[in-house]
There are 2 protein chains.
Amino acid sequence: MMRVGARTIGRMSGNREYIMITAGRPATLDDVARAAGVSRSTASRVIAGTGFASPVARERVRTAADRLGYVPNTAARALVRGGGVRLLVAVAGTSPAVLDDSYVDQVVSAAARVCAPHGLGVTVQWLPLDAPGLLTRLTADRAVAGLVLVNTTSALLDLVPLRLRGRAVSIGIGSATVPSVDIDNAGGTGSLVRHLYAGGRRRIAMVTGPRWLACADRSVQAYRRLLGDAGLPTREVVGDFSAARGRAAAREVLRRWPDTDAIVGISDATALGVISQLRADSVRVPDDVAVTGFDDIPLASATALTTASHPVRRIATAAATMVLEQRPKPDRTLFPSAPVLRESA
Amino acid sequence: MMRVGARTIGRMSGNREYIMITAGRPATLDDVARAAGVSRSTASRVIAGTGFASPVARERVRTAADRLGYVPNTAARALVRGGGVRLLVAVAGTSPAVLDDSYVDQVVSAAARVCAPHGLGVTVQWLPLDAPGLLTRLTADRAVAGLVLVNTTSALLDLVPLRLRGRAVSIGIGSATVPSVDIDNAGGTGSLVRHLYAGGRRRIAMVTGPRWLACADRSVQAYRRLLGDAGLPTREVVGDFSAARGRAAAREVLRRWPDTDAIVGISDATALGVISQLRADSVRVPDDVAVTGFDDIPLASATALTTASHPVRRIATAAATMVLEQRPKPDRTLFPSAPVLRESA
DNA sequence: GATTGTGCTGGTAGCGCTTCCAGGTGTGTG
DNA sequence: CACACACCTGGAAGCGCTACCAGCACAATC
């Protein structure tokens, strides 16, 4: 057996000594139990804080654990408790490039932060829309303690295994069995469209997102509803959230409806693409055509883009927290999206 | 015992059926072994691809595993192999706010992506500079399979436990025992200073980063060396990477050295802060004062900021890969930083 | 004095997996 | 024909932990 060495190297805040294992392996519960002169069961009860333990035993175990710098092995604990050891963030999309996105970065990072105190790790995976078996495969690993789905479809949601019911949350669309957390796309887009209308715009076009994406669809629905209520015709061009498609879409809008006086972008990137194309065509923004985005990315404030807020970090934190705490949750949690009025509209 | 149900729901690419566990728990190795009519040992050998197995056994195990949708429990595997189950990204800094940073987001996200195929999760933790015991505590959990340190100090590096030697990489400063991956700060800053000099600037100031941060220091050293070589005096103000400090620093620079004709920012955020302050003071950029940043964030291209590239994702991917593959690695890997010349300098 | 509790304890059986080892076969060599 | 030497197999021991359970002491009740 290896030696378990320990040496005091300083003091923590609160004036309790902390320990560094200087040699050998980290201490195990067995080491602690032996050092405290109790059984492993008792030590476990004290450390985990479950079940009975006499004050004397408690004290001795605590001291021994401190002295040895004992930290429970979360993997072993998860194994026996059947709890799993990591949270899976699955991002649906047509190509693995969906992961190269600051949106995904924020979701993953926020999730990792929430998971840290629980000893859970986070993993990201691209989920191709046409290979539904992958989700099943990925979640078959019992090490997966929870699931956060991003940009998912309802077909994908139905494949979430029973084992993960109550431990899965979707950022975006939800289902009967999988609750969802999302930004209020309809509200955000709606307030922007109303703002355009109030500013006198009547020929309002929209560059939408991919059709399969439900959250994009909700923005489009809001746009249609408002224009319909006002008795205005809709003008839609399909985009894909990218600036490049935004440029192309702007060209198409002007070709098909040259008198357009406002363009609603499904995202800030789309809107920025639209603006750059308009500028290239010597169309003045917002004088000739007003443009709005969605997300309020840092670039938006720098470019004075009128947009709607999208607190990604808070949403992701909420999603991860729901998964970890498994608290009784409403089917759908919507975060408000506030209009951010700047110069482009 | 629970039933292990399986139902065919489709076909994977390659025309092999895939399976969905419709009820009960995910299949275990025992289930597979029983279904294949071999012992657990044999099944394990086939699945893990280690040791002997007859073609017949191999085939039967593979089939059974496929049929049951078996996926190894990475947590259990890690436990017995002693390998750990997650990678820890520890970000040093003076406050937990260091985690609210797109830089950290990118590092975490990239790490999570690299870890996914290995069945490892990722966790982020803030590492206070004044509580070194925390690193020891965090790494005492055997579930921690590897360590990526960000913005660390050499004092912190010395606390990396022996167990993690060879499984720890620092993004930034390195040490004798912990290799490092980093951007070539000196090269990037150097090329910008040379560019300023070539443009006729002779009174070049710099807004630096926090003193304790080694990577920031290397930029400053390069700045000093180049100015020294040219026989020019240095003009330094301490910043902290933020735009707010950038603004304040710009004021200070102009107060102390009113004839300054160029300001080198330690980061793009710093530079943007500097520029906004200069504009507020009716100082023309770049006519009166040229300004450079560092990082080439998306905002930089939108604001025409001259800067130096910083491929964070690639660096983080490299770091995580080094940890996972434990390959013999050089002490220090430097990624080149290319100057990105735009309008601000 | 027999009975019921209450508080606490350690033994033991696993969680799902790998790995070592003793013990098989079957084929090639002396 | 004995022997070695592949190749292959299943049993069993454990990774570090929790959880169940029988059992202990001691006090309180009838």
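By convention in this document, chain letters (A, B, ...) are assigned in the order of the sequence lines, proteins followed by strands, and residues within each chain are numbered from 1. No experiment lies behind these values; they were computed from the predicted model shown.
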B/Arg142 and A/Thr28: side-chain donor and acceptor closer than 3.5 Å?
no

Just by distance, no angles: are the side chains of B/Ser41 and B/Ser44 close enough, under 3.5 Å, to form a donor-acceptor pair?
no

Roughly how many Å is it from [atom1] in [X] to [atom2] in [N], rounded to a whole number?
X	N	atom1	atom2	answer
B/Ile47	C/dC17	CD1	P	9 Å
A/Leu29	D/dC15	CG	P	13 Å
B/Arg81	D/dG16	CZ	P	16 Å
A/Phe52	C/dG10	CZ	P	15 Å
A/Arg58	C/dC8	CZ	C1'	10 Å

Tell me which of A/Thr50 and B/Ala53 sits closer to the 5' end of DNA chain D, going by the nucleotide each one is nearest to.
B/Ala53

Side-chain N or O of [X] less than 4.0 angstrom from OP1 or OP2 on [N]?
X	N	value
B/Arg40	D/dG10	no
A/Ser44	D/dC17	no
A/Ser41	C/dG10	no
A/Arg142	C/dG16	yes
A/Thr28	D/dC15	no
A/Ser54	C/dG7	no

Is any side-chain heavy atom of [X] closer than 4.5 Å to a side-chain heavy atom of [Y]?
X	Y	result
A/Arg25	A/Asp31	yes
B/Val91	B/Trp126	no
A/Arg163	A/Val144	yes

Kindly say whether, by distance alone, the side chain of A/Arg45 makes a donor-acceptor pair under 3.5 Å with the base of C/dG10?
yes

Under 4.0 Å, counting only non-hydrogen atoms across every strand here, what does B/Ala57 touch: a base, just sugar-phosphate, or nothing?
sugar-phosphate

Taking any heavy-atom pair under 4.0 Å as a contact, classify A/Ala75: base, sugar-phosphate, or nothing.
nothing

Nearest of D/dG16, C/dC8, C/dT18 to any side-chain atom of B/Arg77?
C/dT18

Nucleotide nearest B/Val38 (side chain, heavy atoms from C-beta), chosen from C/dG10, D/dT18, D/dG10
D/dG10

